[in-house]
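Here's the structure we're looking at; comments come further down.
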Amino acid sequence: MPIEWRMTMREEMMDTGLPSERVARTMTAMVYDTYGSPEVLRIEEVDIPAPQDHEVLIEVHAASVNSWDWDLLRGKPFMNRLGGLRKPRYRILGADIAGRVIAVGANAKRFRPGDEVFGDLSGCGWGGFAEYVCASEKALSPKPADLSFGQAAAIPQAAVLALQGMRDKGKLRKGHRVLINGGGGGVGTFAVQYAKWAGAEVTCVDSAEKLDMLRTLGADHVLDYTKDDFTTSGQRYDLILDVVGNRPVVAMKRALTSGGTYVMVGGSFSYILLALLVAPLSAWFEKKKIALLIHKPNHEDQMVWKELVEAGYVVPVIDRQYPLSGAAHALRDLGEGRAKGKIIVCIKSQLS
């Protein structure tokens with residue numbers, strides 16, 4: 001780290017009231033060096049990164065866990081090993097963060113030390129399960145007013161996936177009949193609120209213990225996936241947002257109206273491949289569209305959610321909170337499908 005930058009950072013950190021001597025050396029992070037179960041994660045002291053020209057250094061107050069963290073941890077499916085066949089490319093997981101800017105790179109113009117921000121770091125190196133992280137300023141947005149850092153950290157990846165799936169791929173319109181398969185998770189809880197705000201009639205499918213929560217979020221109809229098979233009910237939907245990929249593609253098509261769209265957010269590699277092979281035939285013969293949503297971090301889409309949250313139309317749903325030392329437990333809860341909404345790792349922020 002250049003001496004000039006180190007001194008500048010130390011002075012800026014002193015303005016924030018942080019212990020400059022410790023901050024200038026190391027930080028606590030949850031790291032891993034081999035693919036596997038959450039047991040491969042461990043707490044370690046590592047060097048604090050220095051921001052490049054267009055980056056900022058963030059004191060992380062909270063981070064949320066996503067299915068992508070779970071996939072990268074296990075190295076499954078195999079595409080998650082690209083860039084790191086034998087060992088992980090990134091030692092520190094965590095893409096969705098909220099925190100406070102501590103220092104800025106030479107060419108970073110959007111934020112200054114002291115600004116509160118949130119964002120998705122999956123496009124610029126991950127690293128959220130740590131006390132500090134560097135990120136491109138393009139990945140960040142001003143934190144929504146009146147939200148806690150934990151609530152803000154719940155938004156970026158899950159909410160943007162919900163928005164891109166419904167608005168961009170699904171062409172959601174007022175009056176549409178929408179089904180969200182896996183409505184009780186992170187993406188689903190944002191999706192149901194967005195669909196209701198847009199004027200849709202919403203049906204959510206998930207496990208029985210999540211159905212009451214989905215009703216409180218505005219779902220018009222809720223189905224227990226262990227008892228009700230929506231693909232055989234005779235109901236038809238203009239848009240199906242599928243977060244889990246647990247029903248046959250042919251059955252999903254059967255539940256669509258003519259001209260309807262099936263958007264895949266989750267599912268195994270083989271499931272996705274089959275759907276993409278079927279898609280051209282479905283579009284030609286049945287006028288039904290099958291679309292795969294590829295995650296694209298997007299600052300402008302984060303701002304859409306910032307405005308919706310600040311206006312009171314959307315509330316981030318937080319199920320459980322863990323300290324940084326409990327990040328392995330947080331990931332296990334997510335991987336086992338137990339989360340109602342989002343799970344938060346509290347790093348600087350206090351558990352509530």
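Values reported hereafter were calculated over all heavy atoms of this structure, with side chains retained and with hydrogens, waters and symmetry mates removed. This structure is a prediction, so every number in the text was calculated from the model and none was measured.
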Could you give me the CA-CA distance, side-chain angles and deciding distance for Trp68 and Gln157, then say whether side-chain contact (heavy atoms from CB on, under 4.5 Å) is met? CA-CA 10 Å; Trp68 202 355; Gln157 196 170 123; 3.7 Å; yes
Minimal non-hydrogen separation, [X] against [Y], with atom names:
{"X": "Cys204", "Y": "Val192", "answer": "SG-CG2, 3.8 Å"}
{"X": "Gly175", "Y": "Asp238", "answer": "O-OD2, 4.4 Å"}
{"X": "Val202", "Y": "Ala195", "answer": "CG2-CB, 3.6 Å"}
{"X": "Cys124", "Y": "Ala139", "answer": "SG-CB, 3.9 Å"}
{"X": "Ile347", "Y": "Phe129", "answer": "CD1-CA, 4.3 Å"}
{"X": "Asp96", "Y": "Pro156", "answer": "OD1-CB, 3.6 Å"}

From [X] [atom1] over to [Y] [atom2], what is the distance, rounded to the nearest 0.5 angstrom?
{"X": "Arg25", "Y": "Glu45", "atom1": "CZ", "atom2": "CD", "value": "10.0 Å"}
{"X": "Lys340", "Y": "Leu211", "atom1": "NZ", "atom2": "CG", "value": "9.5 Å"}
{"X": "Ile180", "Y": "Leu223", "atom1": "CD1", "atom2": "CG", "value": "12.0 Å"}
{"X": "Asp120", "Y": "Ile155", "atom1": "CG", "atom2": "CD1", "value": "12.0 Å"}
{"X": "Ser325", "Y": "Leu41", "atom1": "OG", "atom2": "CG", "value": "12.0 Å"}
{"X": "Leu93", "Y": "Leu331", "atom1": "CG", "atom2": "CG", "value": "6.5 Å"}

Run Trp126 and Asp69 through side-chain contact (heavy atoms from CB on, under 4.5 Å) and show every step you take. CA-CA 9 Å; Trp126 300 73; Asp69 295 301; 3.0 Å; yes
With a 4.5 Å cut-off on side-chain heavy atoms, are [Y] and [X] touching?
{"X": "Asn246", "Y": "Tyr225", "result": "yes"}
{"X": "Val222", "Y": "Thr203", "result": "no"}
{"X": "Trp305", "Y": "Pro144", "result": "no"}
{"X": "Val60", "Y": "Lys348", "result": "no"}
{"X": "Leu73", "Y": "Val40", "result": "yes"}
{"X": "Ile240", "Y": "Thr261", "result": "no"}
{"X": "Arg247", "Y": "Phe230", "result": "yes"}
{"X": "Met30", "Y": "Leu324", "result": "yes"}

Does the ring of Tyr35 carry Arg74 above it, NZ/CZ under 6.0 angstrom from centre and within 45° of its axis?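 Verdict for Tyr35: no cation-pi partner in Arg74.
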Are Lys288 and Tyr262 in a cation-pi contact, defined as NZ or CZ under 6.0 Å from the six-membered ring centre and within 45° of the axis?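 Not satisfied by the 6.0 Å and 45° rule.
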Just checking, any donor-acceptor pair under 3.5 angstrom between side chains of [X] and [Y]?
{"X": "His299", "Y": "Ser141", "result": "yes"}
{"X": "Glu209", "Y": "Ser207", "result": "yes"}
{"X": "Glu59", "Y": "His61", "result": "yes"}

Would Phe149 and Glu116 count as a side-chain contact (heavy atoms from CB on, under 4.5 Å) here? Give the steps. CA-CA 9 Å; Phe149 285 103; Glu116 295 181 350; 3.6 Å; yes
Determine, for Asp33 against Arg91, whether the closest basic-nitrogen to carboxylate-oxygen distance falls under 4.0 angstrom.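 Between Arg91 and Asp33 there is a salt bridge, with a charged N closer than 4.0 Å to a carboxylate O.
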So that I can tick it off, tell me whether Arg112 and Asp115 are bridged by a salt bridge, with the cut-off set at under 4.0 angstrom between side-chain N and carboxylate O.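 No.
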Does the pair Val243 and Asn181 meet the rule for a side-chain contact (heavy atoms from CB on, under 4.5 Å), with working shown? CA-CA 6 Å; Val243 185; Asn181 190 29; over 6 Å; no
Would a distance-only check, ignoring hydrogens and angles, find a side-chain to backbone donor-acceptor pair under 3.5 Å from [X] to [Y]?
{"X": "Thr189", "Y": "Val317", "result": "no"}
{"X": "Lys171", "Y": "Asp168", "result": "yes"}
{"X": "Lys210", "Y": "Leu214", "result": "no"}
{"X": "Glu201", "Y": "His176", "result": "no"}
{"X": "Glu310", "Y": "Glu307", "result": "no"}
{"X": "Glu44", "Y": "Val31", "result": "no"}
{"X": "Asp242", "Y": "Val244", "result": "yes"}

Determine, using the 4.5 Å side-chain heavy-atom cutoff (strictly less than), whether [X] and [Y] are members of one ILVMFWY cluster.
{"X": "Leu147", "Y": "Tyr313", "result": "yes"}
{"X": "Met303", "Y": "Leu121", "result": "no"}
{"X": "Phe190", "Y": "Val315", "result": "no"}

Given the rule in the salt bridge (charged side-chain N to carboxylate O under 4.0 Å, His left out) test, do Arg332 and Glu39 qualify, once you have shown the distances and angles that lead to the verdict? CA-CA 9 Å; Arg332 185 173 295 282; Glu39 282 71 26; 2.7 Å; yes
Test: side-chain hydrogen bond (donor to acceptor under 3.5 Å, both in side chains). Region: residues 190-200. Which pairs qualify, not counting sequence neighbours? Lys196-Asp220
With a cut-off of 6.0 Å (strictly less than), are more than 12 heavy atoms of other residues, nucleotides or ligands near CG of Asp146?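 Not more than 12 within 6.0 Å, no.
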Assess whether salt bridge (charged side-chain N to carboxylate O under 4.0 Å, His left out) is satisfied between Arg110 and Glu137, documenting all intermediate values. CA-CA 7 Å; Arg110 293 183 57 228; Glu137 62 176 355; 5.5 Å; no
Could you give me the CA-CA distance, side-chain angles and deciding distance for Asp333 and Arg320, then say whether salt bridge (charged side-chain N to carboxylate O under 4.0 Å, His left out) is met? CA-CA 9 Å; Asp333 286 349; Arg320 306 171 191 184; 2.9 Å; yes
